[in-house]
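Owing to the predicted nature of the structure, the values given are computational and were not obtained by experimental measurement.
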Amino acid sequence: MWKSLTSSQRVNSGDKIRYLYPSAQKADSFFKVIKSDEHYFEILPAMEDADLPQSFFSKKIVKYFDIGYNIQIEIWQEGV
């Protein structure tokens, strides 16, 4: 189930997230957390079914300060 991520909630490496765009009803950009730290986390596009290497894509860094202020993110949580 998708749950809203808050600025106080931390993510872990391997978590799947998606951006919510204000102009769209449904998010279509899925990402996988590859590294997390106290103040930020790094993500790459979720490419489970793609043949391209992930090194082809650039990493994105999300600061916890930006969550809920500049961007809205949801995190996938199993069995909630």
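Pairs passing the salt bridge (Lys or Arg N to Asp or Glu O under 4.0 Å) check and including a residue from residues 34-44, sequence neighbours excluded, read Glu42-Lys59.
One hydrophobic cluster holds both Ile71 and Val33 under the rule that ILVMFWY side chains link at heavy-atom gaps under 4.5 Å.
Closest heavy-atom contact between Ser36 and Ser13: OG-N, 4.1 Å.
Between Phe30 and Trp2, the two ring planes are tilted [angle within 30° to 60°].
To the nearest 0.5 Å, the span separating CD1 on Ile17 from CG on Leu5 amounts to 7.0 Å. To the nearest 0.5 angstrom, Leu44 atom CG is 10.0 Å from Lys32 atom NZ. Atom CH2 of Trp76 sits about 8.0 Å away from atom CE of Met1, to the nearest 0.5 Å.
Looking at residues two or more places apart in sequence or on another chain, you find a side chain to side chain contact (heavy atoms under 4.5 Å, CB included) between Thr6 and Ser8, Gln9.
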What donor-acceptor contacts under 3.5 angstrom involve side-chain atoms of residues 60-69, with partners at least two apart or in another chain?
| residue | atom | partner | partner atom | Å |
| --- | --- | --- | --- | --- |
| Tyr64 | OH | Val11 | N | 3.1 |
| Asp66 | OD1 | Asn70 | ND2 | 3.0 |

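Two residues are said to be in side-chain contact when any heavy atoms from C-beta on lie closer than 4.5 Å; Ile73 and Phe31 fail this criterion.
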